[in-house]
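Read the structure below first, then the notes.
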Amino acid sequence: MHGARTNGTSSTVSADTNGTTPGPISINKIPKSLDREMDGKFDKMAIKSTNRVRSIDAAGISLVNGSVEDSGGLGRGKRKVRRVPIKESSGSEDSDAPLNKRRRTSNGIKKENGVKQESSSDDDVPLAKKSAAKRRNVPSPTVKREKKPPALLAGDSSDSDIPLAAVKLAKDKQRTEQKAVKTAKEIRAEENKSATAAGTKRKSVGNANTSEPAKKAGKAPPKKANGVKKEESSDDDVPLAKRRKNVVQKPVESTKKAAAGKKSKDVDTKPVAAKGKGKAKEETPAEADEEEEEEYKWWENQAETDGTQKWTTLTHNGVLFPPPYELLPKHVKMKYTGVEVTLPLEAEEVAGFFGAMLDTQHASNAIFVENFFKDFQTILKQHGGAKGPDGKNISIQSFQKCDFKPMYEYFEEKKAEKKALGTVGRKALKVEKDKAEEKYLYCYLDGRKEKVGNFRVEPPGLFRGRGEHPKTGMVKARVQPEQVTINIGKEATVPAPPPGHKWADVIHDNTVTWLATWKENINGNIKYVMLAATSSLKGMSDFKKFEKARELKKHIDRIREDYARDLKSELMADRQRATAMYLIDKLALRAGNEKNDDEADTVGCCSLRYEHITLEPPNIVVFDFLGKDSIRFYQKTPVIPQVFKNLKIFKKAPKTRGDMIFDRLDTTQLNKHLQNYMPGLSAKVFRTYNASWTMQEQLDEILNQGTIHEKYAAYNLANKKVAILCNHQRTVSTTHETMMQRQEDKIKGLRYQKLRLKRMILSLEPNRKKKNPAFFKPDPEIDDEEWIKEHQVSLIEQERDRITKKFEKENEKLRENREKELKDKELKERLQVIKEMEAEFKAENKTGKIEPKRGATVEKLEGQIQKIEERIKKQETEAQVREDNKTVALGTSKINYIDPRLTVMFCKKYDVPIEKIFAKTLRDKFKWAIESADEDWKF
DNA sequence: CTTTTGTATTCAGGCAAATGCGC
DNA sequence: CGCGCATTTGCCTGAATACAAAA
């Protein structure tokens, strides 16, 4: 985004008493009169906004038109936020004084636009960067959830329809008309576009699915597993209640635990792996056994954990460094002003980073390029500079004059070489690599072997900050052992640093879970080597996360009642907090911590600014902003009147673009407030809670009928609702459009085939038409003669192609065998059929009749028609799902938000193999859930 | 019908970007 | 009270697979 931005932190502000301590812009207490005022009429702002947003799609989708002001995120700038301690009770001394506003001001990356001090005069200066183009349509995430506090959630009852409807995607046409915010994703998408090319046909998709089974069809185990359970039900759940020994309780009743454990063992079977293609059918329990000692089932054994100490003993082998850089072959050189230059190793490496990215959009991103080039120059200078062929120094001054093409081409060559190796060669390489990594794969935590996650030190490269990250493109430096701190048990042997090096430090801190750490040079962030998601440490905390969310169930009613009440509080801070809670609860917004100017300008609930919300009377709120990862959050949703009114108040002048909506609130305060309800409660818990809650609700609506595949599709639909709620998106693949087109053509082709079959029937029995006119009615989808003709042409071409190819192939083979090749005459003869086809089509077009093949009967033809109809239907649903899901990412919610026990419950209850839904890694990660939940489990 | 082939989809890993809490 | 630290969340990518059409 870009677009308007505000400059100036304070210009319009007068009361900045000491000049450095800004304060909230809003008044402390909300007078009754203001409340009343906001009740009635709608102010200018609201009306104005109406003009800017228009509702287009009948389905309820509304699109923001292109006006710059609507852009969600404005220019970034220094955010001068000050937080004044406000004693709410102290009354309203500061009531009207428009204190300094909290706003995001501009500073546009490089040019600091001087005048920041001026008021809003240049609010609208668009950033130089890319202007808006098309925007993606974001489906409205609202998902109906239980009517806990009935009146409270506007979307729950009557209103819910709107957003729900909005879930439907708009038509492409409309899509392209719109313009507006360009999200990071879109930018990326565009970039790829260029690199794309051919496509192909094939349909599929939709079902997103299905995998594994095909080959090892066997795999019945899971089924069996379910059958079993059902011992005493006792599980009215509430595992919480059934605490066992110590502090923490187990996920499920202990009783069935043992049984459960056993069962699921067969269930899990060795997933796939199946290195050979296809047929590996090992998978027997026997194999499971060979799997070394039995693993630690922490979930059956919850004792410890006071929370702070994470381990007692810890042994590991440290980290794996990337291989040192090796100079490129002599003939591969970057050019400057057309002349090959020799770079010092360090600089060549950096140039290579860029050279390898020439075909990405980064290479044409001005900020990226600028940051890269600056760092490149610095590094070059540090290492002696570039030399010309004559050995003389060459000063690299201009990016424009640099030509990285030779490097790019070299890398491409390398890639091709690798590809040419074939599966065999690559496998060998992989074995080698695996061997080098072997020792790092596992560590021993409290004596148990646990998998390590990211033991590889991140290699150097160019920083790929997402969205409009000010630092994107900077050189991410190589990490030296001297920067790496090792955390390991006191008793353990400290892994040796690479020869000639030493560690920054070696510590023995058992209150943290990391094995190694270092500081990254771009943002100064700290990186860690931690255990894999399948480890007990991660598993336990995941479990706790979900238990915490379930615990929230007990408090949610009260919390909702409270914030409903506080929506009317006369204290601004309380009212803002209540309003924020409403949004977090209803829309699953993230908390919205403050960010710095050297990060991309993205927001969450608490950091929403004036321009991110538009109010449309009577109670529609349009959210349009960039959230985490610069993913656009665009939603038009009704809210309860009090919230609408509050937002109006929070946007009231003098607040304007750049100012915080919740200027009396921040995440710390919000979370502190939440702690009062329940220890450990924070804003993010609401996301988990609402996601899992929604999933439970959705799953409950699924009927236990149909094929496994259908049930799986139903699950995915539920999953999708959650993903939409959480605004989890993905970029539409660059090939999406072509694939859709192709599929459409294919469907039409099928329809044409159907038409021909019907015509054949009529040739056999002309009187059928009278008997069943409906059946022979022309298909409206392909009544276009033009199209039919084109299609016929392409069919003929295809056939010709096929015959020719086959001919050539045969010849090739003959040649190999040193036999005589076929003559061209042979080919000609074979191509005779083409002539026949043409004639046939011609006749068909003229008379509308087709001679059936020999031996055809009406019955046979009808059978074929039926088959084709099935295929058409299948293709159509597939196409629909593909289109509907193109921007929705299901994975994130599956991995992070949906309590895995829900999935396990679903699978057991409906006899769907867990493998269908949880891939190998997820099955490992969620082993605790698989072994502890049964078909009656409830979130 | 089975095998082959070529592509689309899924998986698993990578690392950036959030949250949240305590010093 | 702002920052540092630890941990969770999230999108994307390259490699591995599955799938459907062709042979």
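By convention in this document, chain letters (A, B, ...) are assigned in the order of the sequence lines, proteins followed by strands, and residues within each chain are numbered from 1. Heavy-atom basis, side chains included; hydrogens, waters and symmetry copies ignored.
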Can a side chain N or O of [X] be found less than 4.0 Å away from OP1 or OP2 on [N]?
X      : N      : answer
A/T602 : B/dA18 : yes
A/N896 : C/dT8  : no
A/T667 : B/dT19 : no
A/T892 : C/dC11 : yes
A/H736 : B/dA8  : no
A/K874 : C/dA20 : yes
A/R456 : B/dG14 : yes

Counting any heavy atom closer than 4.0 Å, what does A/G453 reach on the DNA or RNA strands: base, sugar-phosphate only, or nothing?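 Answer is nothing: A/G453 stays at 4.0 Å or more from every strand.
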Sugar-phosphate only, base, or nothing, as touched by A/S733 at under 4.0 Å among non-hydrogen atoms: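 Contact class for A/S733: none.
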Ignoring the backbone of [X], work out which of [options] is nearest its side chain.
X      : options                : result
A/A919 : B/dA12, C/dT7, C/dA21  : B/dA12
A/R687 : C/dA20, C/dA21, C/dG10 : C/dG10
A/T731 : B/dT19, C/dC12, C/dA21 : C/dC12
A/T921 : B/dA12, B/dC15, B/dG20 : B/dA12
A/H728 : C/dA21, C/dG10, B/dT19 : C/dG10
A/K595 : B/dT19, B/dC15, B/dA18 : B/dA18

Hey, mind stepping through A/F662 and A/L583 against side-chain contact (heavy atoms from CB on, under 4.5 Å) and telling me if it holds? CA-CA 12 Å; A/F662 299 109; A/L583 298 180; 4.0 Å; yes
With nearest nucleotide decided by heavy atoms, which residue, A/N454 or A/V685, maps closer to the 5′ end of DNA chain B?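 Per heavy-atom nearest nucleotide, the more 5' residue is A/N454.
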Quick check: on DNA chain B, is the nucleotide nearest A/A683 upstream (toward 5') of the one nearest A/L462, or the reverse? Name the residue that is more 5'.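 The residue whose closest nucleotide sits nearer the 5' end is A/L462.
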Step by step, would you call A/N690 with A/D585 a side chain to side chain donor-acceptor pair (under 3.5 Å)? CA-CA 7 Å; A/N690 279 316; A/D585 188 20; 3.0 Å; yes
With sequence neighbours excluded, residues passing salt bridge (Lys or Arg N to Asp or Glu O under 4.0 Å) with [X]:
X      : result
A/R456 : A/E437
A/R590 : none
A/K527 : A/E458

Between protein and nucleotides 21-23 of chain B, what N or O pairs are separated by less than 3.5 Å?
unit_1 : atom_1 : unit_2 : atom_2 : d
B/dC21 : OP1    : A/Q675 : NE2    : 3.2

Tell me: [atom1] of [X] to [atom2] of [N], nearest whole Å?
X      : N      : atom1 : atom2 : answer
A/R871 : C/dA21 : CZ    : C1'   : 9 Å
A/I584 : B/dG20 : CD1   : C1'   : 13 Å
A/E599 : C/dG4  : CD    : C1'   : 13 Å
A/H469 : C/dG10 : NE2   : C1'   : 16 Å
A/K628 : B/dA17 : NZ    : C1'   : 5 Å
A/Q361 : C/dC12 : CD    : P     : 14 Å
A/I898 : C/dT8  : CD1   : C1'   : 16 Å
A/K894 : B/dC11 : NZ    : C1'   : 11 Å

A/E547/A/K544 salt bridge by N-O under 4.0 Å criterion: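 Salt bridge absent between A/K544 and A/E547.
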Please tabulate, for side-chain N and O atoms in residues 672-685 of chain A, each donor-acceptor pair with protein atoms closer than 3.5 Å (sequence neighbours left out).
unit_1 : atom_1 : unit_2 : atom_2 : d
A/Q675 : OE1    : A/G680 : N      : 3.2
A/N676 : ND2    : A/H673 : O      : 3.4
A/Y677 : OH     : A/D562 : OD2    : 2.7

Please round to the nearest 0.5 Å and tell me the distance separating atom CG of A/N510 and atom OG1 of A/T308.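 One gets 8.0 Å once the value is rounded to the nearest 0.5 Å.
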Listed in order of residue number, which residues of residues 521-535 of chain A have a non-hydrogen atom at under 4.0 Å from DNA chain B?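 By residue number: A/K527.
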I need the single residue from A/H469, A/R466, A/K595 that forms a side chain to side chain donor-acceptor pair (under 3.5 Å) with A/T602. Which is it?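 With A/T602 as partner, side chain to side chain donor-acceptor pair (under 3.5 Å) holds for just one option, A/K595.
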Start at the 5' end of DNA chain C and walk down; is the nucleotide closest to A/V512 or to A/R590 reached first?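 Residue closer to the 5' terminus by nearest nucleotide: A/V512.
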With a 6.0 Å cut-off on ring centres, are A/F633 and A/H612 close enough?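 No, the ring of A/F633 stays outside the 6.0 Å limit from the ring of A/H612, centre to centre.
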Side chains of A/Y528 and A/T513: any donor to acceptor distance under 3.5 Å?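 Looking only at side-chain atoms, A/Y528 and A/T513 do not form any donor-acceptor pair under 3.5 Å.
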